[in-house]
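A quick write-up on the structure given underneath.
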Amino acid sequence: MNWWQMETKEAARRLETDEKQGLTSQMAAERLAQKGRNELAETDGKKSLFWRFLAQFDDFMILLLLGAAVVSVVISRLSGENDVLDAVMILGIVVLNAVLGLFQESKAEKALEALKKMAAPHARVIRDGIVREIPAAEVVPGDLLLLETGDAVCADGRVVESRSLKTEESALTGEALPVEKTSVGGLPEETATGDRKNMVLAGGYVVYGKGKVLVTATGMDTEMGRIAAMLSHTSDSMTPLQKKLEQTGKQLGIGALAICALIFCMGILQEKPPFSMFMTAVSLAVAAIPEGLPAIVTIVLAMGTSRMSEKHTIVRRLSAVETLGGAQVICSDKTGTLTQNRMQVTTWTDYSHREPKNVDLRETVANLFALCNDCNVSDGNLQGEPTEKALGEYAQSTGIDFAALRRDMPRVGEIPFSSARKRMTTLHKTEDGWISVTKGAPDILLEKCAFCMEGSGQVPFDDRRKSMARMVNGEMAAQALRVVAVAFRQWSEKPPLTEEALERNLVFAGMAGMVDPPRPEVKEAVHLCRQAGIRPVMITGDHVLTAEAIGRELGIYQKGDCAVTGAELDKMSDKELETAAETCTVFARVAPEHKVRIVQAFQKRGNVVAMTGDGVNDAPALKTADIGCAMGKSGTEVAKGASDLILTDDNFATIVEAVREGRGIYDNIRKAVHFLLSSNIGEILTIFVAMLLGWAAPLLPIQLLWVNLVTDSLPAIALGMEPAEENIMERPPRKNTGSLFGDGLGGRILLEGVMIGVLALLAFGIGHVYFDQENGYAVGRTMAFAVLSLSQLVHAFNMRGEGSLGKLPFCSNKWLLMAFVVGATLQCVVIMMPPLAGVFQVVPLNGEQWLLTAALALAPLPLVELEKAIWHPKQK
Ligand code: ATP
């Protein structure tokens, strides 16, 4: 028999579990061991270390180099020299490169892996009779899964309890509309997947209501698992910046190859030995082609994201980090993000503000708030959503006993609260009939009322009274209070549970106003935002006056800004909304559905938009925004699934901090690219210009390869660790042009490449002319070799800041210092240790020569300072 055919008791029996208590922890552990984790199998399984090592050689340049090694062995054999040194060196360098690459890769992977774990979804189950929150991957068949609005369904299951539970399973069934689920069994065997109303499917999510479900299948056994092969797996392996850099790298690589080919041809024309020319050209190509560009980005991004996770931001999509630094507008929810979400009722009133001393009415209002309340009560303590809790505690403070009230007037039905409806209704059985209680935003509730309480009696709620109620509501809202009104209706017969029936002709009872203090750190964060040229925007379901009052207090809503309500928004065309977006910083009484339009309006104005959200209905807006931020604490699994970032503390200040990190990360990527490219250009120019001038090669192939090894990756990675510059939040957001080489970076790279080339050539020229006797080019080459690599190591420090280096603390980037010390030491060892010096064909330098070498190697510092002064005259 199938699950949907049987009754819940039978299902529980077959699953060897208890319908109320769930599994025991021990049984759950056993089943987890037996059935495996509740995850879809990964299609591309983990490769072993060896394969990943081999994969490092899957690169055109490396293959070229290996080819060159083979050619060199063959040629030296043929010419009878039997000199395999070059080949051995090449092999050594290639292997070292691969090891380094592997190391970087696994480091980045570890950081990303850790992030993945943090972002993993959770589920609530009943085990041992207690509600527990566990990673969704640990849910097992037989678990009693609790679902509520916004939860992602993580396993297939048989519904055992449904309170208006509705799920959306379009990914699996193709049915776009939410389906209501019931616990009733006995569906015919042939019922199609989409029509099994007593089953929920993994991959769907809850759009409405609550429910309990007996898990029948997990992981690959679910319907989702069965069609997993059909699902396109997310292929966001490369961020836009990585892709762009790979492209740039390829273009530069082709350019470099062309120059290398040119150098080879020129050498042949100049009648230099073809074999040595070939080796020079190949080594130069390997040294000069920026093959490491995309890898550097991955590493910098991965390191950055693990830093961010320490500051309450979990990055779900790597490329969001790139975008983050360019954010121009941050649209934030109010409740819980800008405020503390610690509501407390401070005042209550009837429609007119006249009766707060009327004890009878006060009791009625308190009773109604207690009836229409979703808090759980244990030992007189209330637990629940902050607004509910505040209203419940207010009722308690008037002496109401929740347990007794709920016993006397049990709830028999409900229409739950949603941010779109801004109200909720409960139906209760009374001694002589039924009573429905509706509470919600006053302006919306007023429309549903035909009578109102005046004193202890009821009178028609005419226009005069209604406008008084509106005024009172406005007064309270202007004091930054969140106002909730309550109304009721008595029934002699049980009414149907629909909005149309229950929520009309109500009797308006009263309103309660509650404070929700702003988060203390937000004011400073808002200030920082403005300083950084980012516009903070508040989006809230609350009354416009409440929103404005809080916005004013936080500095979000300033003189000249405008506030737009959801109702006004509905009337605006997209074009009008776009115009309004220019000055609008508060959107009030909006429903989640409005958020997409708001995001789009800002985007059409050319802004990069970050948007926060927590509910199911926020998911489209989170996807539309350039940076969707879901709330870690209050956010639903669906919102988290749609987001780029998760804020683990639900705090606005955290977004601002993340923007700072994002800017720092982008800067660092730029710094690493700047360094790599200017160095590579320097290497190419050194050889190319020497050829043009008809000189001998200033560096031997093996030396070029060594320079590549010592100077390329270590300093570049170290630059990726550079702490953010102090003034990083004082500059405007970077322009949305998308080019990494904006702001004259391209020109600077070229200029600095020329500088490095000239320094190396100078070293070669001086060394050769003054110190080389008739025995060839040894001293000149040794000096050029040392200057080329040391000057690059020194040049790396120039990247640290846009402004003068004198303004930066010397040791704030210890990685760069380490990269320098390691690189420089290796370089000196190679020159000074006789056996190695032999391999690299260098000669020991005397004091005078070292002095000259040092002077040339240090020259990039003053030269680039000069360049910065000319390029950035405005830099303080
Ligand atoms: P945001 O989190 O986006 O800032 P919000 O949480 O302030 O928005 P909603 O939760 O959508 O906004 O609430 C909108 C209005 O609905 C509130 O101003 C209040 O009047 C009413 N309201 C809020 N919570 C409840 C509730 N639990 N029951 C009845 N009415 C409520």
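Quick note: numbers below take in every heavy atom, side chains included, and nothing from hydrogens, waters or symmetry partners. Just follow the structure's listing: the first ligand is 1, and inside any ligand the first atom is 1. Please read these numbers as outputs of a predicted model, since none were measured by experiment.
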Nearest-neighbour protein heavy atom for atom 27 (N) of ligand 1, which is reported as residue plus atom name and distance
Glu388 OE2, 2.6 Å

Among protein heavy atoms, which sits nearest to atom 23 (C) of ligand 1, and what does the distance come to when rounded to 0.1 Å?
Arg482 NH2, 3.1 Å

I'd like to know if Glu133 pairs up with Arg124 as an ion pair, taking the criterion as any Lys NZ or Arg NE/NH1/NH2 lying under 4.0 Å from an Asp or Glu carboxylate oxygen.
no

Nearest non-hydrogen protein atom, atom 5 (P) of ligand 1
Thr335 OG1, 3.3 Å

Can a salt bridge be assigned to the pair Lys571 and Glu568 using a cut-off of 4.0 Å between side-chain N and carboxylate O?
no

Is Glu499 paired with Arg421 through a side-chain N to carboxylate O contact shorter than 4.0 Å?
yes

Should you measure from each heavy atom of Lys334, which atoms of ligand 1 turn up under 4.0 Å away?
1 (P), 4 (O)

Where the side chain of Arg411 meets the backbone of Asn373, is there a donor-acceptor pair that is under 3.5 Å apart?
yes

To which protein heavy atom is atom 3 (O) of ligand 1 closest, and what is the distance rounded to 0.1 Å?
Asp333 OD1, 3.3 Å

Check this for me - ligand 1, Val483, N or O atoms closer than 3.5 angstrom, yes or no?
yes

Please set out all donor-acceptor pairs under 3.5 angstrom arising from side-chain atoms of residues 648-655, sequence neighbours excluded.
unit_1	atom_1	unit_2	atom_2	d
Thr648	OG1	His312	O	3.2
Asp649	OD1	Asn651	N	3.3
Asp649	OD1	Thr654	OG1	2.8
Asp649	OD2	Thr654	OG1	2.9
Asp650	OD1	Gly632	N	3.0
Asp650	OD1	Lys633	N	2.9
Asp650	OD2	Ser634	N	3.0
Asp650	OD2	Ser634	OG	3.1
Asn651	OD1	Ala653	N	2.9
Asn651	ND2	Glu521	OE2	2.5

Which bit of Thr337 is near ligand 1, meaning a heavy atom under 4.0 Å away: side chain, backbone, both or neither?
neither

Of the protein's non-hydrogen atoms, which lies at the shortest distance from atom 11 (O) of ligand 1, and what is that distance?
Ser419 OG, 3.1 Å

Regarding Lys439 and Glu388, does a basic nitrogen lie under 4.0 Å from an acidic carboxylate oxygen?
yes

Quick check: His543 and ligand 1, any N/O pair under 3.5 Å apart?
no

Ion pair Asp516/Arg342, N-O distance below 4.0 Å
no

May I ask you to check whether Val484 has an N/O atom sitting below 3.5 Å from an N/O atom of ligand 1?
no

Taking the non-hydrogen atoms of Met538, is any one of them nearer than 4.0 angstrom to ligand 1?
no

For ligand 1, indicate whether the residue Ile539 contacts it via side chain, backbone, both or neither (heavy-atom separation under 4.0 Å).
backbone

Heavy-atom contacts under 4.0 Å between Asp542 and ligand 1: side chain, backbone, both, or neither?
both

List the closest protein heavy-atom neighbour of atom 22 (N) of ligand 1: residue, atom name, distance to the nearest 0.1 Å.
Phe417 CE1, 3.5 Å

Asp561 and Arg535 ion-paired at < 4.0 Å:
no

Winner among Ala441, Ala512, Gly541 once heavy atoms are compared against atom 12 (O) of ligand 1
Gly541

for atom 30 (N) of ligand 1, nearest protein heavy atom and its distance come out as Gly440 CA, 3.3 Å

Kindly state whether the ring of Phe461 and the ring of Phe508 have centres lying under 6.0 angstrom apart.
yes

Quick test of your reading of the model: are Lys466 and Asp463 salt-bridged, counting only N-O distances below 4.0 Å?
no

When you measure from atom 28 (N) of ligand 1 to every protein heavy atom, which one gives the shortest distance, and what is it?
Lys439 NZ, 3.3 Å

Point-to-point distance, once rounded to the nearest 0.5 Å, from CZ of Arg470 to CG of Leu446
5.5 Å

